[in-house]
Amino acid sequence: HHDRYAFAVPTQCCLNCGLVYLGERLTKAGYADFYAHSYRPLLKWLSSGRSGKGLGVYALNLRHILRPFISGGAKTLLDIGGGTETVSRTLGEAFGLRPTILDPESRPSDLERIQSLLEDFDAKGRQWDVVTMCQTIDHVTDLTGSLQKAHSLVAPGGVFWVDIVDFRSELERAKAVRMILKLDHPYYLTEDTFEPLLRPAGFEMLRKAYLPDARHIGYVCRVEPTFTRQVAAHPRRIRSFLRLVRRRSEERGAREERK
């Protein structure tokens, strides 16, 4: 079928996990051209109208969700994909954070802006106390790689927020399938297909939030210890190791009883 941008979009579904994704995508250069000449002009127009007000409401809801998890010691915020600056300004003012926006679009601003895709960004060891990916993860072409990169940007003890557009909710609301499946969303996520990606990327979920727009599901996370992350990434290997430890402990106990 053709999506809302009039692009032909072949879409597939994994029969094992249920993940829906684009069967064919543009090249990296093709996506850069699409975002520059099709998507961002449309987003700019929408941001000036009703959708812009919706993003403001989203930011206020996010402020309420994050309040219990942001400590007084938090000083810095990285908003990945936050080109409109609505979320970063709202959170910055609410929690006294110094915002940085990571976004491919270049525009004049009094805030620190880094012009880059998340996938290409080299932070050179720099980290932030609060990292947000608002309405962004659906746009990446590498889910696991993007989550791992985001993990490297969160400072120890920091907080990570990410949300998805719930594919089930969209399907129930849609008047036409072409309004759901579109070139700028390589993946169509649900709770079942997204949540298993968090722990292997190194995140522990602290809260799951169903946003009032009935479209987005968000996750407040923190960075997991290395050992916990390895357990999640290699469960069979770790289970075998724990069985070995338990068996040797039992054998040692039996030898001591015989003595």
Side-chain angles (χ1 to χ4, degrees), residues 1-5 7-28 30-31 34 80-81 117-119 133-152 154 160-211 213-244:
H1 73 281
H2 289 76
D3 70 357
R4 66 181 180 181
Y5 307 105
F7 285 95
V9 183
T11 311
Q12 298 176 347
C13 176
C14 175
L15 297 179
N16 290 322
C17 69
L19 177 66
V20 178
Y21 58 95
L22 296 186
E24 297 178 10
R25 304 175 191 163
L26 296 178
T27 63
K28 187 175 181 179
Y31 267 116
F34 164 77
I80 300 171
L117 292 168
L118 173 62
E119 297 92 323
M133 285 188 73
C134 303
Q135 304 181 14
T136 297
I137 194 70
D138 311 272
H139 293 272
V140 305
T141 55
D142 180 358
L143 280 174
T144 56
S146 295
L147 287 171
Q148 289 168 356
K149 176 64 73 68
H151 177 275
S152 70
V154 183
F160 175 61
W161 164 267
V162 60
D163 59 15
I164 64 171
V165 177
D166 181 40
F167 180 63
R168 289 195 182 98
S169 298
E170 290 289 273
L171 201 57
E172 291 174 357
R173 292 155 50 101
K175 296 180 179 179
V177 174
R178 69 182 181 86
M179 298 304 295
I180 307 174
L181 307 174
K182 50 208 175 196
L183 189 66
D184 53 310
H185 282 204
Y187 296 98
Y188 300 86
L189 300 163
T190 65
E191 296 167 85
D192 294 334
T193 56
F194 181 68
E195 289 174 15
L197 301 176
L198 289 172
R199 181 157 289 181
F203 292 112
E204 177 187 0
M205 188 197 312
L206 301 177
R207 178 182 175 185
K208 176 162 61 175
Y210 297 90
L211 275 70
D213 63 6
R215 297 180 62 234
H216 291 90
I217 301 174
Y219 301 87
V220 183
C221 304
R222 68 180 177 187
V223 176
E224 283 194 329
T226 303
F227 179 75
T228 305
R229 187 163 67 253
Q230 290 175 346
V231 170
H234 306 286
R236 292 183 180 178
R237 186 181 304 175
I238 297 298
R239 284 198 297 268
S240 297
F241 172 73
L242 293 177
R243 284 196 296 269
L244 177 62

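Everything numeric in this text was worked out from a predicted model, so none of it was measured.
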Is the side chain of R25 donor-acceptor paired with the backbone N or O of P186 at a distance under 3.5 Å, no angle test? no
Could you list the donor-acceptor pairs under 3.5 angstrom formed between side-chain atoms of residues 215-222 and any protein atom two or more places apart in sequence or on another chain?
from: R215; atom 1: NE; to: E170; atom 2: OE2; distance (Å): 2.8
from: R215; atom 1: NH2; to: E170; atom 2: OE1; distance (Å): 3.2
from: H216; atom 1: ND1; to: D213; atom 2: OD2; distance (Å): 2.6
from: Y219; atom 1: OH; to: E195; atom 2: OE2; distance (Å): 2.9
from: R222; atom 1: NE; to: E204; atom 2: OE1; distance (Å): 2.7
from: R222; atom 1: NH2; to: E204; atom 2: OE1; distance (Å): 3.0
from: R222; atom 1: NH2; to: E204; atom 2: OE2; distance (Å): 3.4

Testing the basics here: between [X] and [Y], what is the closest heavy-atom pair and its distance to 0.1 Å?
X    : Y    : answer
P10  : A8   : CD-O, 3.5 Å
T136 : D163 : N-OD1, 4.3 Å
T190 : D166 : CA-OD1, 3.7 Å
C14  : Y21  : N-CE2, 4.0 Å
D138 : L189 : OD1-CD1, 4.0 Å
Q12  : G23  : CD-CA, 3.9 Å

Separation of [Y] [atom2] from [X] [atom1] (nearest 0.5 Å):
X    : Y    : atom1 : atom2 : value
L183 : Y31  : CG    : OH    : 4.5 Å
F7   : L26  : CZ    : CG    : 6.5 Å
T144 : K149 : OG1   : NZ    : 12.0 Å
Y188 : I164 : OH    : CD1   : 13.5 Å
H185 : I137 : NE2   : CD1   : 11.0 Å
F160 : H151 : CZ    : NE2   : 10.0 Å

Residue pair L181, F167: steps toward the side chain to side chain contact (heavy atoms under 4.5 Å, CB included) verdict: CA-CA 10 Å; L181 307 174; F167 180 63; 4.0 Å; yes
Just wondering, more than 12 heavy atoms not from K208 lying within 6.0 Å of its NZ? yes
F194 and V162, any side-chain heavy atoms less than 4.5 Å apart: yes
Run the numbers on H139 and L117 for side chain to side chain contact (heavy atoms under 4.5 Å, CB included), then give the verdict. CA-CA 11 Å; H139 293 272; L117 292 168; over 6 Å; no
